[in-house]
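These notes concern the structure reproduced below.
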Amino acid sequence: MATETMIPPTDPKVLRETVVAWHKMHKERYDAFKKQAEGVGKMDLSFFMKLMQFATDCIPQDRLEVCSYIFRLYCADIPSEKETPEFIKQYDPIVAEFLQGGKVLSIHVETGDVKCFKPEEEMAPDNKTCLITNDYFNQLKADRPELLRCYLDDLYAELDDEGFITDEYGNVRNSEIFVEMAQRMAFVYSMILAPEVLRNIVAMGEHANDDFPYCLYYYCAFDGGMRQMMTMMRSNLDKQKSGMMGYVAKNLLTQLFVKKSLELGYERDKKGWEATAESEPDESSNLINRILSKIRLPGGKRKKDCLSLDDLLTGDKEGLKDLIRAYRLRQPDTTSLGYLFYLLGGRPSEKTRSMNDPEEIEKKFQLIQKMHIQRCTFGNFCQAITEFLGDKMPSDLKRAREAYLLCKCEEYNITEEAAENYAEYRKGKYRNARMATQKWIPLFNEID
């Protein structure tokens, strides 16, 4: 059914207000949508067909073959050269260069410009530039649920035993390496295509004549839609008696529904999921509660001894915050938070010492000319930075502490051999500490 033309807002708060106002004027249309959505629990797939059609409409029609190609890559089915779209071919060299390692890929959201460069090369990306590093894929792999890791280990072993994946000469290939490389390619091509999809969605919004986007957003954000979908999904899989694969899928999808609903802001707190868990059977209830226990929501109560970034910084706070943004765009990992603390002239409140020579580590700064931050704990510093940037709080602060110590080692010109005497030293990270001191210190020293 059609509705008035409305250009969707981009601000999240305004978007929520707009959808609520739309719902008040179109309750009958939303009720019809919800009835169709509830049909999923009765194995009526018409809602999913509508959802798939909506997703397809978001993609430019001349890029559907590109999406088909990307989907095959995700399934580890690499199409032949004849089946490869020209859009993919034009980016093949730069994607191959990036996936060889040691490079950063940048994609501009508005222009779609794609660049591949070494991390140490000069670049000042703005907030409309997406940066991808190969470390991102390693982190995704490390964050996989144990159940999924075990399932994939068994699957890869079975594929290798059967010699299922071979090269052009008939030699058996390691299935895990092959599949993960294909999926990395699929992810990168998806990101390269994303700017065109976003432009197409904006164009759709300018002449929208469909209720579905408004209904879908209201369903997820205000009516517990993701919780309802999770319940129907588990019920349907139980009815199908889908065996071990169904059991794995059921638990992984449950985890996905819970995490994404909170991460995307559809659920503002955990109360809705806690109520859902109470109405579920014991096994799924325990699973939901375990997932919730590991999720930390932003905006919780601040500890008394934790200060905001504005409270911690001294001097030209706006200039420092601009430079911190530029730094974190280039250095988004947890280790680099330790470098950043050092660059700001940070002094940790807690004891952070080398086991062998604590006095050497705790000498005064020599290269840092200006102290831009008050003394604080690593936990307070990391929380202040991640809250300022809207990032997730890292779970392992030990890496940040070690990075800080490596910078101190570099400052005193401790040789690579001598640095091995320090308990926190890690050979592969020594050059990164050197790069932080040489490249970024002059920039931070320029700010008053």
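Below, each value reflects all heavy atoms present in this structure, side chains not excepted, and no hydrogens, waters or symmetry copies. Only a predicted model underlies this, so the values are computations on that prediction, with no experimental measurement involved.
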* Does the pair Asp223/Lys34 count as a salt bridge with the N-to-O cut at 4.0 Å? -> yes
* Ionic contact status for Glu86 with Lys89, cut-off 4.0 Å -> yes
* **Side-chain H-bond candidate by donor/acceptor type, Gln53 with Asp57, under 3.5 Å** => yes
* Is the shortest side-chain N to carboxylate O distance from Glu283 to Lys250 below 4.0 Å? -> no
* **Glu110/Arg199 ion pair, N-O < 4.0 Å** => no
* To do: Give the ring-plane orientation class for Phe444 versus Trp440, where under 30° counts as parallel, over 60° as perpendicular and anything between as tilted.
  => tilted
* **Aromatic ring pairing Phe33/Phe212, orientation class (parallel under 30°, perpendicular over 60°, tilted between)** => perpendicular
* Electrostatic pair Glu318-Lys321, nearest N-O below 4.0 angstrom -> yes
* Structure fact -> Which of Glu278, Glu274, Glu280, Glu267 passes salt bridge (Lys or Arg N to Asp or Glu O under 4.0 Å) with Arg227? It is Glu267
* Asked: Going by distance alone, is a donor N or O of one side chain under 3.5 Å from an acceptor N or O of the other, for Ser308 and Asp310?
  -> no
* Carboxylate-amine/guanidinium proximity below 4.0 Å for Arg325 and Asp322 -> yes
* **Minimal non-hydrogen separation, Val95 against Ile192, with atom names** => CG2-CD1, 3.9 Å
* To do: May I ask you to check whether Ser80 and Glu83 show a side-chain donor-acceptor distance below 3.5 Å?
  => yes
* Side-chain contact test, heavy atoms from C-beta onward, threshold under 4.5 Å: evaluate it for Ser190 versus Tyr74 and give yes or no. => yes
* Only one of Phe222, Tyr219, Tyr214 clears side chain to side chain contact (heavy atoms under 4.5 Å, CB included) with Tyr30; which? -> Tyr219
* CG of Leu256 to CG of Leu253: how many Å apart, nearest 0.5 Å? -> 6.5 Å
* Asked: Side chains of Ser336 and Arg328: donor-acceptor distance under 3.5 Å anywhere?
  -> no
* Asked: If you take all heavy atoms of Lys239 and Gly41, which pair is closest and at what distance?
  -> NZ-O, 3.4 Å
* Report yes or no: do Tyr69 and Asp77 form a side-chain donor-acceptor pair below 3.5 Å? => no
